[in-house]
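The structure appears below as structure tokens.
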2 protein chains.
Amino acid sequence: MATVKDIAAAAGVSVATVSNVLNNRPNAGRATRQRVLRIAQELDYRPNRAAQAMRTGRTRAIGLVLPDLTNPFFPELAQAVENTARSQGLLVCLVDSQSRPEGEADGFSLLMQHAVDGIIWCPLGSRVPAQVRNPARPVVLIDRPRAGYAVVHSNYLMGGRLLAEYATRMGHRRVGLLSGPQHIESARQRRDGFVKALPKGSEIAWEVCVGFDGLLTQEARLALKQRRRATLIVAGNDLIAIGAIRCLAEHGVRVPEDVSVTGFDNIRWTDLLTPRLTTIAQPVGAIGARAVELVQERMSGGKIGNQRAVFDVELIERDSVRKLNEAS
Amino acid sequence: MATVKDIAAAAGVSVATVSNVLNNRPNAGRATRQRVLRIAQELDYRPNRAAQAMRTGRTRAIGLVLPDLTNPFFPELAQAVENTARSQGLLVCLVDSQSRPEGEADGFSLLMQHAVDGIIWCPLGSRVPAQVRNPARPVVLIDRPRAGYAVVHSNYLMGGRLLAEYATRMGHRRVGLLSGPQHIESARQRRDGFVKALPKGSEIAWEVCVGFDGLLTQEARLALKQRRRATLIVAGNDLIAIGAIRCLAEHGVRVPEDVSVTGFDNIRWTDLLTPRLTTIAQPVGAIGARAVELVQERMSGGKIGNQRAVFDVELIERDSVRKLNEAS
DNA sequence: GCTGCTTAGTGTAACGTTTTACTACGCAGA
DNA sequence: TCTGCGTAGTAAAACGTTACACTAAGCAGC
């Protein structure tokens, strides 16, 4: 591979000048500049990132630390992050902790060793790995807020509210809640947003919390079996909704004929399912892109406080909620 | 961050000795060795990867180039690859081409700039990006074979055969094929394996090829609507199967009561669907792990020819195939 | 002609490692 | 005592960049 030295030799200038031209600093004449650029192109020059990194301390790589790629919300996010990053010339280094804190810690350690310029992180729990507690590098959280960090996520309260309004409009007055883990703020806000926006006369028939992975607990299965006259089941995310629909089917309960179900996330094939799932769409692409922008701003010195970027969400009406007549 | 120089100073030896100890080369005395190691630990020394990379040309990072993270088969693969890699101290750099050849090319270019030590690649089409045609770095293909490369994938022929045997056992004699793109070998082998293992007296009622992403073409929808007395539809992967089931539902056709459907891949929530999908399970974890091993072998000099690692697959019997009595 | 300023460009140290060639020392064998 | 050899360790170059401190030349103003 060609180096600056090769270019310098071919152009009859010093390596310093080549470097100056390549990083377009002002101190180079018009003619020289063009000559150097042309030769660089001819030799197919690519800067050696390792050398650059050693000299400048920047790698033009960012870390992406996710809890679980088998939850389809995250691959969509990863795709958005990777594509935006690549369009800016940034490489994405992936860590999937498989929901294990040690995995998260190891991943951070590896990322720090490789001196990534910044980290986009969807934190697992409340624990902050030592490797990142003194963050030499900017960290931007994604999807899950935490005090002291910049974060970009959806307006979960709004999502909850939209669902509550829709439920009411469709005539549902008694709902069962299959919420996500309440120690995760994004799960809590979805739930709270829903509950607060529920009008007088509507009520929560029951509530059970389960994991975001859609694997239902005994308690959840029992609640779904009994149902206690709930006409609508509001799930914490799409995976939970899918799990619920299947559990209901096992008891011979049809969706939406016998009971309605809503999800959250609008993962890609919720509209390939039977029935197509009514859910809340998050602008995943925008979220991923914004996270990259934010981390990049911080990489280039901008210490712009710990901002929050919150994105509006949208109700996607499909087939899993039935319209009740007033009498029912 | 502590450097070798710091350790050398603290231990009263030269940096060369520190380096020797750290890479446990023989020329260092017992006492010195232990002192250096102790101090390195105390100072929480981590080698500067950039400096190492510049000197040795190795980065201890590998690239993972995938066509589409929104196809749930790939995140599972990515997870396996990342976890095995991390356990070996390798960082994974992700590229998602979003099924666009330019994306693939850009990704490779970025990976080469960062001088990853090896690349695990699920190629998009038949085009080989120029960046990788002269591979200074070892490349291991995953899931999609191609002449001249090492590859690790499932035994697709076996998968096809298992499906054919199962179909026969369940009394299905007339099947419709909803195959994947036939220019991709893995799709072709699934199909061929199935067709070849079909006994006399069984027949292919019709065949349509669609993309792996589960979005059905007009032609496919028409075939599903007509059905031409096929009692079983064999889909090229789970996404296609899911799409087919929904399309059938739109025409009021129930699965498996009216027609049976099989998938391929056993992506994670095929058993959350209604009906639970009968499909072929690939050992995704093993495939990912083996790919990492293979690329690592090659990284450390082993030029072991272009081997093929082929993994057995397994039939997962669920609820989407009905047993027909002989008469039907 | 001198001063001061701008433009265009250069020489070289430095970043943190690894590695090559070398030294210094002790000791066994003759 | 000399030779040779193994052990323990060192000095310094090298990897490819960037950036600092310079210089050389041209030119305007007086």
Side-chain angles (χ1 to χ4, degrees), chain A residues 1-37 39-40 43-61 89 91 112-117 136 299-301, chain B residues 1-37 39-40 43-61 89 112-117 136-137 299-301:
Chain A
M1 267 228 190
T3 73
V4 278
K5 215 183 273 183
D6 300 329
I7 302 181
V13 295
S14 73
V15 290
T17 299
V18 174
S19 175
N20 284 334
V21 170
L22 258 26
N23 299 291
N24 48 312
R25 269 181 282 269
N27 35 355
R30 239 187 134 58
T32 324
R33 178 175 303 273
Q34 297 198 330
R35 184 154 33 97
V36 167
L37 287 175
I39 293 177
L43 297 182
D44 189 34
Y45 169 75
R46 312 286 174 94
N48 178 325
R49 294 283 181 205
Q52 265 180 334
M54 185 164 68
R55 193 56 244 247
T56 63
R58 344 215 72 173
T59 50
R60 312 259 336 131
L91 186 68
M112 290 326 258
Q113 249 176 77
H114 281 264
V116 292
D117 287 344
M299 278 159 44
S300 33
Chain B
M1 268 231 189
T3 73
V4 279
K5 215 184 272 182
D6 300 327
I7 302 182
V13 296
S14 75
V15 291
T17 300
V18 174
S19 174
N20 285 333
V21 169
L22 258 27
N23 299 294
N24 48 311
R25 268 180 284 267
N27 37 354
R30 236 186 137 59
T32 326
R33 178 175 301 273
Q34 297 199 330
R35 185 153 35 96
V36 166
L37 287 175
I39 293 178
L43 296 183
D44 189 35
Y45 170 76
R46 312 287 175 91
N48 178 326
R49 294 281 181 209
Q52 265 179 335
M54 185 163 71
R55 193 58 242 250
T56 63
R58 345 215 68 170
T59 50
R60 312 258 335 129
M112 291 324 259
Q113 251 177 74
H114 281 265
V116 291
D117 287 344
R137 309 289 165 168
M299 278 160 44
S300 32

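Each chain gets a letter, A, B and so on, in the order the sequences are listed, and its residues count up from 1. The basis for the numbers below is simple: all heavy atoms, side chains too, and nothing from hydrogens, waters or symmetry mates.
Closest contact between the side chain of N20(B) and the listed nucleotides dT12(C), dG16(D), dT19(C) involves dT19(C). With dT19(C), dT17(C), dG16(D) as the choices, the nucleotide that has an atom nearest any side-chain atom of A16(B) turns out to be dT19(C).
Taking five base pairs at each end of the helix from dG1(C)-dC30(D) to dA30(C)-dT1(D) and finding the rotation axis that steps the C1' atoms of four pairs onto the next four gives two axes whose angle is 60°, to the nearest 10°.
Taking the charged nitrogens against the carboxylate oxygens, D117(B) and R60(B) have no contact shorter than 4.0 Å, which rules out a salt bridge.
A 6.0 Å sphere centred on CZ of R30(B) holds no more than 12 heavy atoms belonging to other residues, nucleotides or ligands.
Within the structure, a side-chain polar atom (N or O) of S14(A) is placed less than 4.0 Å from OP1 or OP2 of dT10(C). Residue T17(B) places at least one side-chain N or O closer than 4.0 Å to OP1 or OP2 of dT10(D). Close to dG16(D), at under 4.0 Å from its OP1 or OP2, lies no side-chain N or O of Q52(A).
S19(B) comes within 4.0 angstrom of a nucleotide base, judged by non-hydrogen atoms across all strands.
Side-chain N/O atoms of R55(A) and base N/O atoms of dA19(D) include no donor-acceptor pair closer than 3.5 Å.
Near DNA chain C, meaning a heavy atom under 4.0 Å away, the residues from residues 23-34 of chain A are N27(A), A28(A), G29(A), T32(A).
For the pairing with N20(A), the side-chain contact (heavy atoms from CB on, under 4.5 Å) check across V36(A), V15(A), V13(A), N27(A) returns one residue only, N27(A).
Counting heavy atoms from C-beta on, the side chains of T32(A) and V21(A) never come closer than 4.5 Å.
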